[in-house]
Peer 1: 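Below is a structure I'd like to ask you about.
One is the number of the first residue; the rest follow in order along the sequence.
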Amino acid sequence: MSDIRLTTMTKTSGCAAKIGPSILQGILSSLPKFHDPNLLVGFDTSDDACVYRINEDTVAIQTVDFFPPMVDDPYTFGQIAAANALSDVYAMGGNPSTAMNLLCFPSCVELEVMKEILEGGYAKVKEAEAVIAGGHTIADPTPKYGLCVTGFAHPSEILTNSNAKEGDVLVLTKPIGVGIMNTAGKAGLLSDKQLKESASIMSTLNKYAKQCTKGLEVHSCTDVTGFSLMGHSYEMASGSQKTIALHTTSIPILTDALSFASMGIIPEGMYNNFDYLQEKFDTKTAVEQALMDVLFDPQTSGGLLLSMPEKDANVYLSRMEEFTPWARIIGDVRKQEEKHLLLY
């Protein structure tokens, strides 16, 4: 197989390729709304997946996600794209059951590359204890891969991004900064160690973060992806009609992301996120520009952001020690103030 660099075939990579939140909100808000008593969660609160009631004991959770490569290795790209798509079901409190491939592939690239992308995706779906049952492919100059995923849960197990309670603390399960690291990687600035660290974070399933919530009181949950930690925190705060305070010194940040941010190595999606949110938060302490950039950095296959009572959060963090050193409390939920987000 030729030494093709997948990241040279795309302008943007991973979740940084998403359309900016201000543009997306403007379009979606102008579209007619569907009404169905069995549609329990739609896109009104920008949640991670839709939830549709099948009967009194079962709901279906459906999501779709795909994007261009953020790494050059095809197998690793497949793993990350699959982990990212599966994450939405975990964020809603469910377990994935079936998945359908979505693949765009250039005709000029060897078919072995396609095979490796799909094999990477298959490996993560198998780890999730789900099955791939088909899919769709098209020829496209820019490679893209992802999944349409269906999961199931009991209605009482569903978690949304709009039910945070005053007095809760916020737990984040993965570090942020991968968008910046991916941008540096595309420019050939990362060592093998840095590339492996970023890829490992992105390819880790949120299956384990979801499993550790068993028996605990969790009020709200989302996963942190292309709209950044700030963007997804804002969605949780505004949807819950609360204010969220983020403690910037407690937020886990991927090794060297701050250094690259200070060098101006920033994905375009960061500017889109900041433009959308710049009037929606207040800073209560001085925040260095590099750190601010990381807070608005579009994440690919990021961690879960959970709102829960502090006593449950402490139990949760002790359970998570088996799976990751990154999980920690990063903020708290307060009654609604003038702005939905505060930085300390």
Peer 1: Is it the case that the side chain of Q299 and the backbone of F227 share a donor-acceptor pair, with hydrogens and angles ignored and the cut-off at 3.5 Å?
Peer 2: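 Checking the backbone N and O of F227 against the side chain of Q299, no donor-acceptor pair under 3.5 Å is found.
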Peer 1: Looking at D65, I61, V89, D88, which hits side-chain contact (heavy atoms from CB on, under 4.5 Å) with V149?
Peer 2: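 With V149 as partner, side-chain contact (heavy atoms from CB on, under 4.5 Å) holds for just one option, V89.
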Peer 1: Verify, without hydrogens or angle tests, whether N55 (side chain) and T58 (backbone) share a donor-acceptor contact under 3.5 angstrom.
Peer 2: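 Present.
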Peer 1: Taking K124 for the side chain and L86 for the main chain, is one N or O donor matched with an acceptor at less than 3.5 Å?
Peer 2: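 Not confirmed, K124 side chain does not pair with L86 backbone.
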Peer 1: On the ring face of Y90, is K210 found with NZ or CZ under 6.0 Å from the centre and within 45° of the axis?
Peer 2: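 Output no; distance or angle outside limits.
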Peer 1: Any non-hydrogen side-chain atom of C148 less than 4.5 Å from a side-chain atom of T63?
Peer 2: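 No, too far: nothing below the 4.5 Å cut-off.
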Peer 1: Ignoring hydrogens and geometry, is there a side-chain-to-backbone donor-acceptor pair from R53 to P155 under 3.5 Å?
Peer 2: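 No, R53 side chain to P155 backbone: no donor-acceptor pair under 3.5 Å.
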Peer 1: Are the side chain of N182 and the backbone N or O of V178 linked by a donor-acceptor pair below 3.5 Å?
Peer 2: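 Side chain of N182 to backbone of V178, a donor-acceptor pair under 3.5 Å: yes, one is there.
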Peer 1: side-chain contact (heavy atoms from CB on, under 4.5 Å) with L170: which of L246, L306, D332, I329?
Peer 2: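 Answer to the side-chain contact (heavy atoms from CB on, under 4.5 Å) test with L170 among L246, L306, D332, I329: L246.
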Peer 1: Quick check: does any side chain N or O of S97 sit under 3.5 Å from a backbone N or O of G151, one acting as donor and the other as acceptor?
Peer 2: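 No, the answer is negative, given that no donor and acceptor are paired below the 3.5 Å cut-off.
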Peer 1: We want to know whether E197 and T255 form a side-chain donor-acceptor pair, criterion being a heavy-atom distance below 3.5 angstrom.
Peer 2: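 Yes, because at least one side-chain N or O of E197 sits under 3.5 Å from a partner of the opposite role on T255.
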Peer 1: Please evaluate residues T324 and T173 with respect to the criterion side chain to side chain contact (heavy atoms under 4.5 Å, CB included), reporting the C-alpha separation (whole Å), side-chain torsions for both, the decisive distance (0.1 Å), and the verdict.
Peer 2: CA-CA 8 Å; T324 177; T173 65; 5.5 Å; no
Peer 1: Verify side-chain hydrogen bond (donor to acceptor under 3.5 Å, both in side chains) between D168 and S307, making sure each step is shown before the conclusion.
Peer 2: CA-CA 6 Å; D168 281 357; S307 176; 2.7 Å; yes
Peer 1: Can you check side chain to side chain contact (heavy atoms under 4.5 Å, CB included) on T225 and N84, steps first, answer last?
Peer 2: CA-CA 8 Å; T225 54; N84 181 75; 3.7 Å; yes
Peer 1: Could you tell me whether a side-chain N or O of N273 sits under 3.5 Å from a main-chain N or O of F296, the two making a donor and an acceptor?
Peer 2: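 Yes, N273 side chain to F296 backbone: donor-acceptor pair under 3.5 Å.
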Peer 1: Would you confirm whether S318, through its side chain, and V315, through its main-chain N or O, come within 3.5 Å as a donor-acceptor pair?
Peer 2: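 It does hold such a pair.
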Peer 1: Counting only N and O atoms by type, is there a donor-acceptor contact under 3.5 Å from the side chain of S200 to the main-chain atoms of K196?
Peer 2: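 No, because the side chain of S200 does not come within donor-acceptor range (under 3.5 Å) of the backbone of K196.
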Peer 1: For the backbone of L205 and the side chain of K207, can you confirm whether one donor and one acceptor N or O come within less than 3.5 Å of each other?
Peer 2: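 Side chain of K207 to backbone of L205: no pair is present.
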Peer 1: With rounding to the nearest 0.5 angstrom, report the OG to CD distance, S238 to Q336.
Peer 2: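 S238 atom OG to Q336 atom CD measures 9.0 Å (nearest 0.5 Å).
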Peer 1: Verify the distance criterion only: is there a donor paired with an acceptor across the side chains of Q289 and D293 at less than 3.5 Å?
Peer 2: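 Yes.
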Peer 1: So do F260 and T183 actually touch side chain to side chain, heavy atoms under 4.5 Å?
Peer 2: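 Counting from C-beta outward, T183 and F260 never come under 4.5 Å.
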